[in-house]
*Asks:* 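Take a look at this one; I'll ask things after.
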Amino acid sequence: MQCTRAVARLSGGIARTTWATQHTYKHRPAILGLLEQPCRLCSSTGVVDNPNKTKPGAAEAAEGGILKRVLNKVGFTPNTKARLKVTSHLLYESVADKINYVTFFRDFNLPNTFNSWFLVTELHVWLLLMRSMAEGSETGEDGRFLRNCIVEAMWGDVNTRAKKLGAHNPSRTRQQIETLSEQFQAALIAYDEGIMSDDRVLACALWRRFFEMNCDDYAQIERLVKYVRQQASMLDSLPRDQFIVKPKVAWFELDKCKV
């Protein structure tokens, strides 16, 4: 399948930092402060636990109409760098604005903190990166550019949120974001290996990173493995027009994924 074949290119494009599982997870230092703060920023912006979100149908219709008019006036073509950059932000927003973070916190017993928000975001961004690398010519140029822009959009959002949460200690905040960056690159490698292997390998990767080796409920891990496989299959089935030209990513709801 396209996504799986694209993993090799995705992994090859990510900067390989020297990393071992034991160093990243087992001996992971306690990251206090920013990462352990309640995710009140997510709540205040309606990203996580705002029950009054705009209904998806209305939002997509309005967004699609405005985007279409703007692109027609500017003259973007589907493959230009500028168009891919716009697409990358729309794809990232499909994660930040449409994933029900509260469900993940509740069902997987995650604390409502900035770190938990990042773990959920990271998992879905990785799925987008994997799908992105299936795009473009044989060299994968479009896919690599789109992938890099999605990562750029994610870190822009992370920095904005972190600055608001850690406004009183910017130096500490920068250090913690650097730690997240290292863990993010390590997670991409682990998730890539898992998606190309059987469910046991993927389960190990999710247990080490998403659950931070703190989950003894095998049913929860199995459920998340099933959820990841379903989302990867959904993304793989999207035609180019619905992923790049006019992104329409309909994430499956976690509530509907049962084991």
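The basis for the numbers below is simple: all heavy atoms, side chains too, and nothing from hydrogens, waters or symmetry mates. Given the structure is predicted, the values throughout are model-derived calculations rather than measurements.
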*Asks:* If every non-hydrogen atom of V259 is compared with every non-hydrogen atom of A219, which pair is closest and at what distance?
*Replies:*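 Of all heavy-atom pairs spanning V259 and A219, the closest is CG2-O, 4.0 Å.
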*Asks:* Would you name the heavy atoms of C215 and W207 that are closest together and state the gap between them?
*Replies:*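 Distance-wise, the nearest heavy atoms are O-NE1, 3.2 Å.
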*Asks:* Within 45 degrees of the ring normal and closer than 6.0 Å to the centroid, is that where the cationic atom of K81 sits relative to F145?
*Replies:*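 Yes, cation above the ring, under 6.0 Å and within 45°.
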*Asks:* Does the side chain of I195 come within less than 4.5 Å of M130's, by heavy atoms?
*Replies:*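 Side chain of M130 against side chain of I195, heavy atoms only: contact under 4.5 Å found.
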*Asks:* Could you check whether D142 pairs with R240 (Lys NZ or Arg NE/NH1/NH2 to Asp/Glu carboxylate O, under 4.0 Å)?
*Replies:*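 So D142 pairs with R240 through a salt bridge.
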*Asks:* Under the side chain to side chain contact (heavy atoms under 4.5 Å, CB included) criterion, do I244 and E135 qualify, and how do the steps go?
*Replies:* CA-CA 9 Å; I244 285 187; E135 292 297 335; 3.5 Å; yes
*Asks:* Rounded to the nearest 0.5 Å, what separates atom CD in Q185 from atom CD in E182?
*Replies:*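 The CD atom of Q185 sits 8.0 Å away from the CD atom of E182.
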*Asks:* In the structure I gave you, are the side-chain heavy atoms of L90 and V249 within less than 4.5 Å of one another anywhere?
*Replies:*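 A side-chain contact is absent here, since even the closest heavy-atom pair is not under 4.5 Å.
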*Asks:* Please find the pair of heavy atoms, one from A190 and one from R208, that lie closest to each other, and give the distance.
*Replies:*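 Minimum heavy-atom contact is CB-NH2, 3.9 Å.
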*Asks:* Is the side chain of R223 donor-acceptor paired with the backbone N or O of C257 at a distance under 3.5 Å, no angle test?
*Replies:*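 Yes; judged by distance alone, with no hydrogens or angles, the pair exists.
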*Asks:* Applying salt bridge (Lys or Arg N to Asp or Glu O under 4.0 Å), run through E122 and R209 and close with a yes or a no.
*Replies:* CA-CA 10 Å; E122 172 186 80; R209 175 56 181 163; 2.8 Å; yes
*Asks:* Using the rule that Ile, Leu, Val, Met, Phe, Trp and Tyr join whenever any side-chain heavy atoms are under 4.5 Å apart, tell me whether F211 and V201 fall into a single cluster.
*Replies:*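 In one cluster with F211: V201, no.
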*Asks:* Begin with the C-alpha distance, continue with both residues' side-chain angles, and end with the deciding distance and a verdict on side chain to side chain contact (heavy atoms under 4.5 Å, CB included) for N109 and D217.
*Replies:* CA-CA 11 Å; N109 299 319; D217 188 341; 6.0 Å; no
*Asks:* Let's go through L123 and L119 carefully: what are the C-alpha distance in whole Å and the side-chain angles of both, what is the deciding distance for side chain to side chain contact (heavy atoms under 4.5 Å, CB included) to 0.1 Å, and is it a yes or a no?
*Replies:* CA-CA 6 Å; L123 180 64; L119 289 173; over 6 Å; no
*Asks:* Please name the pair of heavy atoms, one in L127 and one in L235, separated by the smallest distance, quoted to 0.1 Å.
*Replies:*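 Scanning both residues, the minimum pair turns out to be O-CD1, 3.6 Å.
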*Asks:* Kindly state whether the ring of F184 and the ring of W155 have centres lying under 6.0 angstrom apart.
*Replies:*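 Centroid distance F184-W155: below 6.0 Å, so yes.
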*Asks:* Does atom CD of Q242 have more than 12 heavy-atom neighbours, drawn from other residues, nucleotides or ligands, at distances under 6.0 Å?
*Replies:*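 Check passes, neighbour count above 12.
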*Asks:* Take the angle between the ring planes of Y191 and W126 and call it parallel below 30°, perpendicular above 60°, tilted in between.
*Replies:*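 Aromatic pair Y191/W126 classed tilted.
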*Asks:* Using a 6.0 Å cut-off, check whether atom CG of D255 has over 12 heavy atoms from anything other than its own residue.
*Replies:*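 Enclosed: over 12 neighbouring heavy atoms sit under 6.0 Å from CG of D255.
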*Asks:* With distance as the sole test, does Q220 use its side chain to make a donor-acceptor pair with the main-chain N or O of D107 at under 3.5 Å?
*Replies:*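 Yes; judged by distance alone, with no hydrogens or angles, the pair exists.
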*Asks:* Is there a donor-acceptor contact under 3.5 Å from the side chain of T173 to the main chain of N169?
*Replies:*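 Judged by distance alone, yes, a pair lies under 3.5 Å.
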*Asks:* Crowded around K258 NZ? As in, over 12 foreign heavy atoms under 6.0 Å?
*Replies:*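 Yes - once you tally the heavy atoms of other residues, nucleotides and ligands closer than 6.0 Å, there are more than 12.
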*Asks:* Under a 4.5 Å cut-off applied to non-hydrogen side-chain atoms, are L254 and F108 in contact?
*Replies:*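 They are in contact (side-chain heavy atoms under 4.5 Å apart), so the answer is yes.
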*Asks:* Going from CG on L91 to CZ on R147, what distance comes out if it is rounded to the nearest 0.5 angstrom?
*Replies:*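 One gets 14.5 Å once the value is rounded to the nearest 0.5 Å.
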*Asks:* How long is the straight-line distance from CG of L188 back to CD of Q183, given to the nearest 0.5 Å?
*Replies:*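 Taking CD in Q183 and CG in L188, the distance rounds to 12.0 Å.
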*Asks:* Is the shortest side-chain heavy-atom distance between S132 and I150 below 4.5 Å?
*Replies:*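 They are in contact (side-chain heavy atoms under 4.5 Å apart), so the answer is yes.
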*Asks:* Less than 4.5 Å apart, side chain to side chain, heavy atoms only: is that true for F114 and V158?
*Replies:*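 They are in contact (side-chain heavy atoms under 4.5 Å apart), so the answer is yes.
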*Asks:* Hey, what do you get for CG (N159) to CZ (R174), rounding to the nearest 0.5 Å?
*Replies:*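 Here the interatomic distance stands at 10.5 Å.
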*Asks:* Would you say T121 and Y101 are linked by a side-chain donor-acceptor pair, where the criterion is simply a distance under 3.5 Å?
*Replies:*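 Yes, because at least one side-chain N or O of Y101 sits under 3.5 Å from a partner of the opposite role on T121.
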*Asks:* Measure the NZ-CG distance between K226 and D199 for me, rounded to the nearest 0.5 Å.
*Replies:*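 Output value for this atom pair is 11.0 Å.
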*Asks:* Can you confirm whether L206 sits close enough to V225 that some side-chain heavy atom of one is under 4.5 Å from a side-chain heavy atom of the other?
*Replies:*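 They are in side-chain contact.
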*Asks:* Which atom names give the shortest non-hydrogen contact between G194 and R229, and what distance separates them?
*Replies:*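 Looks like O-NH2, 3.6 Å.
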*Asks:* Name the one of F104, F252, W117, Y92 that satisfies ring-ring contact (aromatic ring centres under 6.0 Å, His included) with H124?
*Replies:*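 It is F104; the other options fail the test.
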*Asks:* Do T113 and F105 have side chains that approach each other closer than 4.5 Å (heavy atoms only, starting at C-beta)?
*Replies:*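 Counting from C-beta outward, T113 and F105 never come under 4.5 Å.
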*Asks:* Between L146 and L128, is a side chain to side chain contact (heavy atoms under 4.5 Å, CB included) present by the stated rule, with each step listed?
*Replies:* CA-CA 10 Å; L146 181 60; L128 290 177; over 6 Å; no
*Asks:* Taking all non-hydrogen atoms of both residues, which atom of P111 and which atom of S116 are closest, and how far apart?
*Replies:*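 Nearest heavy atoms, P111 then S116: O-OG, 2.6 Å.
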*Asks:* Hey, is E152 close enough to K85 for a salt bridge, meaning N to O under 4.0 Å?
*Replies:*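 Looking at E152 and K85, the cut-off is met.
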*Asks:* With distance as the sole criterion, is a donor-acceptor pair present between the side chains of Y227 and Q231 under 3.5 Å?
*Replies:*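 Yes - a donor-acceptor pair under 3.5 Å links their side chains.
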*Asks:* Indicate, with yes or no, if M213 and L180 share a hydrophobic cluster defined by side-chain heavy-atom contacts under 4.5 Å among Ile, Leu, Val, Met, Phe, Trp and Tyr.
*Replies:*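 Looking at the clustering, M213 is in the same group as L180.
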*Asks:* Give a yes/no verdict on a cation-pi contact between R131 and F243, requiring under 6.0 Å between NZ or CZ and the six-membered ring centre and an angle within 45° of the axis.
*Replies:*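 Pair R131/F243 counts as cation-pi.
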*Asks:* For N214, is the CG atom crowded, meaning more than 12 foreign heavy atoms sit under 6.0 Å from it?
*Replies:*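 Result for CG/N214: open.
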*Asks:* Between OG1 of T103 and CD of E253, what distance do you get to the nearest 0.5 Å?
*Replies:*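 So the gap between those two atoms works out to 7.5 Å.
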